[in-house]
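Quick one: the structure is below, questions incoming.
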Amino acid sequence: MAVRVGVVGVGVMGADHARKIATVVSGAELVAVSDFDATVADCVAAELGARVHADGVALIEDDDVDAVIIATRDDTHAGLVRAALRVGKPVMCEKPLAPTAAESAALVQEQAGAELITVGFMRRFDPSYVALRERVVRGELGAPLVAHCISRTVSAYPGGDSASSITNSAIHELDIVPWLLDSPIIEVSYQHGRSSANAGTRQDPQIYLLRTASDVLVTVELFLNARYGYDTRCEIVMETGAVALTLPAHVVTDAERHRGVDYPADWILRYSDAYRIELQEWVDSLNQRRSSTLAGAADGLRAAQVADALVASMHSNGAWTAVAD
């Protein structure tokens, strides 16, 4: 029998999850959606043949829903995950698990070893990141020494502040870096220089220095209003060589004495394969009644602890700040 999935929050991210569950993920059936914007929920439901619930809790408590995807605003995640735990349903929560480490820690405790919570750190399933990690793990170029990460988007959503840049966007780097290097981040420093004219109410770009338990120093640039395209880069420098992501472009255009490639407009296009593979693994694990290879609640907590340390460093003039255990 197919896993009957409900999606809470069907904006850009949630709608993409709903479409993948309905059309490309095997062993699953999209049965219900909800959104604070009833018109959006109605449109997605009509497109995909799902029912609409007035609110997320009602969807979670629906006996015809076996498992839940949460893709709502960050500040609603903890309450909705808690509602899924109350009724014992598996839940895949989009990052972050919660905006703060304290909220994330509470969810880890409430899960009580049931392993119902997974977190949508989809880069772990991106073929380019998987290949990068395999090169590091094989060790043929020696131990990692330094890593450089860049994450740029076309424009930030309206509103938001410098702290939310960390907890909502940089959280991906805070998860993928220890995954790539097989070593937790133990110390951080927040830095910045001149801010973009398009930055709005936040400092943009931001620079982070991260130190892992294996003493690898990592630089991270987060630039949410880069304008030219959605661009994720990562390079790991090792004893006898370096490995890096390549731009995931399918074609090269030669015209008017120029050669170039197109950048994706957003993360949906860049990580389409990663989201599909992640969702398939989640559904397969539920059907096979086994643990999944998705990030779990403990991973969500650890990323939140690193984010908390970066926010503390931001408010301490960039002082090196230890990550709480």
Side-chain donor or acceptor of Thr201 paired with backbone N/O of Gly160 under 3.5 Å: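 Yes, the answer is positive, given that a donor and an acceptor are paired below the 3.5 Å cut-off.
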
Which heavy atom of Met238 sits nearest a heavy atom of Gly142, and at what distance? SD-O, 3.7 Å

Before you tell me yes or no, could you show the steps for Leu30 and Thr23 under side-chain contact (heavy atoms from CB on, under 4.5 Å), namely the whole-Å CA-CA distance, both residues' side-chain angles and the distance that decides it to 0.1 Å? CA-CA 9 Å; Leu30 180 72; Thr23 62; over 6 Å; no

Non-hydrogen atoms of Ala50 and Ala32 that approach each other most closely: CB-N, 3.9 Å

Sequence neighbours left out, what passes side-chain contact (heavy atoms from CB on, under 4.5 Å) with Asn198? Give chain and number order.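 side-chain contact (heavy atoms from CB on, under 4.5 Å) list for Asn198, sorted by chain: Ser196, Asn225, Arg227.
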
Which atom of Leu279 lies closest to which atom of Ile21, heavy atoms considered: CD2-CD1, 4.3 Å

May I have the step-by-step check of side-chain contact (heavy atoms from CB on, under 4.5 Å) for Arg135 and Glu140, ending in yes or no? CA-CA 7 Å; Arg135 285 294 183 92; Glu140 58 195 24; 3.8 Å; yes

Is the ring centre of Tyr263 less than 6.0 Å from the ring centre of Tyr230? no

Does CG belonging to Asp254 count more than 12 external heavy atoms closer than 6.0 Å?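 Count over threshold, so yes.
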
Between Asp66 (side chain) and Arg4 (backbone), is there a donor-acceptor pair under 3.5 Å?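 Present.
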
Please say yes or no: joined through hydrophobic side-chain contacts below 4.5 Å, possibly via intermediate residues, are Leu80 and Leu294 part of one cluster? no

Minimum heavy-atom distance Val108-Ala297, with the two atoms named: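 Here Val108 and Ala297 meet closest at CG2-O, 3.6 Å.
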
Side-chain touch Val251/Val261, heavy atoms, less than 4.5 angstrom: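 Counting from C-beta outward, Val251 and Val261 never come under 4.5 Å.
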
Would Leu245 end up clustered with Ile268 when hydrophobic side chains under 4.5 Å apart are linked, directly or stepwise? yes

Quick check: closest heavy atoms across Leu301 and Leu97, and the distance to 0.1 Å? N-CD2, 4.5 Å

Is it true that a side-chain atom of Ser183 and a backbone atom of Ser214 form a donor plus acceptor pair closer than 3.5 Å? yes

If you define the side chain from C-beta out and look only at heavy atoms, does anything of Val65 sit under 4.5 Å from Lys89? yes

Between Lys95 (side chain only) and Asn168 (backbone N and O only), is there a donor and an acceptor less than 3.5 Å apart? yes

Are the side chains of Val177 and Leu181 in contact, using a 4.5 Å heavy-atom criterion?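 SC-SC contact between Leu181 and Val177 confirmed.
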
Worked verdict on Thr321 versus Glu187 for side chain to side chain donor-acceptor pair (under 3.5 Å): CA-CA 5 Å; Thr321 303; Glu187 188 180 27; over 6 Å; no

For the side chain of Asp266 and the backbone of Leu269, is there at least one donor-acceptor N/O pair under 3.5 Å apart? yes

So, taking the atom named OG in Ser162 and the one named NE2 in His192, what distance separates them when rounded to the nearest 0.5 Å? 7.5 Å

Closer than 3.5 angstrom, by distance alone: can the side chain of Ser285 be matched with the main-chain N or O of Trp282 as a donor-acceptor pair? yes

Ignoring hydrogens and angles, tell me if any N or O in the side chain of Ser313 forms a donor-acceptor pair with the backbone of Ala319 under 3.5 Å. yes

Close side-chain approach of Thr118 to Glu278, heavy-atom, < 4.5 Å: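 No. Closest side-chain heavy atoms not under 4.5 Å.
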
Using 0.5 Å steps for rounding, measure from the CG atom of Leu222 to the OG atom of Ser169.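 Spacing of CG (Leu222) from OG (Ser169) equals 5.5 Å.
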
Hey, what do you get for CG (Asp74) to OG (Ser164), rounding to the nearest 0.5 Å?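 Between atom CG of Asp74 and atom OG of Ser164 there are 8.5 Å.
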
Please check if the side chain of Thr76 supplies one atom and the backbone of Arg73 the other of a donor-acceptor pair under 3.5 Å. yes

For Tyr190 and Ser316, does a side-chain donor sit closer than 3.5 Å to a side-chain acceptor?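 Side chains of Tyr190 and Ser316: no pair found under 3.5 Å.
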
Is Val216 reachable from Ile176 through a run of I, L, V, M, F, W or Y residues, each pair having side-chain heavy atoms under 4.5 Å apart?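 Yes, Ile176 and Val216 fall within the same hydrophobic cluster.
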
Tell me, with the steps shown, if Glu103 and His77 meet side chain to side chain donor-acceptor pair (under 3.5 Å). CA-CA 10 Å; Glu103 293 171 281; His77 287 185; over 6 Å; no

Co-membership, hydrophobic cluster, residues Leu107 and Val8, 4.5 Å side-chain: yes

Quick one: do Glu281 and Arg290 make a salt bridge, cutoff under 4.0 Å?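 Between Arg290 and Glu281 there is a salt bridge, with a charged N closer than 4.0 Å to a carboxylate O.
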
Which pairs pass salt bridge (Lys or Arg N to Asp or Glu O under 4.0 Å) with one or both residues in residues 117-133, sequence neighbours excluded? Arg123-Glu173, Arg124-Asp175, Arg124-Asp299, Asp126-Arg270

Within a radius of less than 6.0 Å around CZ of Arg138, do more than 12 heavy atoms belonging to other residues, nucleotides or ligands occur? yes

Non-hydrogen side-chain atoms of Ile70 and Val91 separated by less than 4.5 Å: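 SC-SC contact between Ile70 and Val91 confirmed.
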
d(Asp204 CG, Thr153 OG1) to nearest 0.5 Å is 7.0 Å

Which distance, rounded to the nearest 0.5 Å, do you find between the OG of Ser34 and the CG of Asp62? 10.5 Å

Kindly state each residue pair satisfying ring pair (Phe, Tyr, Trp, His ring centres under 6.0 Å) with at least one member in residues 80-129, sequence neighbours excluded. none

Quick check for you: to the nearest 0.5 Å, what is the distance between Glu235 atom CD and Leu132 atom CG?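 Glu235 CD to Leu132 CG: 9.5 Å, rounded to 0.5 Å.
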
Do Met92 and Ser292 have side chains that get closer than 4.5 Å, going by heavy atoms? no

Glu94 (side chain) donor-acceptor with Met13 (main chain) under 3.5 angstrom: no

What heavy-atom pair brings Leu210 and Leu174 nearest, and what distance separates the two atoms? CD1-CD2, 4.2 Å

I want to check something: taking the side chain as every heavy atom from C-beta on, are Ser128 and Thr246 in contact at a cut-off of under 4.5 Å? no

Partners meeting side-chain hydrogen bond (donor to acceptor under 3.5 Å, both in side chains) with His172 (sequence neighbours left out):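 Listed in chain order: nothing, the list is empty.
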
Hphob cluster co-occupancy, Val31 + Val7, side-chain heavy atoms under 4.5 angstrom: no

Given side chains that start at C-beta, do those of Val68 and Val5 come closer than 4.5 Å, heavy atoms only? no

Measure from the side-chain N and O atoms of Gln203 to the backbone N and O of Pro205, and report whether any donor-acceptor pair falls under 3.5 Å.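 At least one qualifying donor-acceptor pair exists.
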
Report the residue from Asn317, Ile207, Val220 that forms a side chain to side chain contact (heavy atoms under 4.5 Å, CB included) with Gln191.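 When Asn317, Ile207, Val220 are each tested with Gln191, the side chain to side chain contact (heavy atoms under 4.5 Å, CB included) holds only for Ile207.
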
Does a donor on one side chain and an acceptor on the other come within less than 3.5 Å for Thr219 and Glu221? no

Arg202 and Ser165: CA distance, side-chain angles, deciding distance, side chain to side chain donor-acceptor pair (under 3.5 Å) verdict: CA-CA 8 Å; Arg202 69 182 80 214; Ser165 294; 2.9 Å; yes

Among Ile, Leu, Val, Met, Phe, Trp and Tyr joined by side-chain contacts under 4.5 Å, find the other residues sharing a cluster with Leu209 and list them by chain and number.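 Traced through the cluster, Leu209 reaches Leu217, Trp320.
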
Before you tell me yes or no, could you show the steps for Val87 and Ile60 under side-chain contact (heavy atoms from CB on, under 4.5 Å), namely the whole-Å CA-CA distance, both residues' side-chain angles and the distance that decides it to 0.1 Å? CA-CA 8 Å; Val87 294; Ile60 290 166; 3.8 Å; yes

Residues clustered with Leu145, ILVMFWY side-chain links under 4.5 angstrom: Val146, Val237

Does Asp262, at its CG atom, have more than 12 non-hydrogen atoms belonging to other residues, nucleotides or ligands within less than 6.0 Å? no

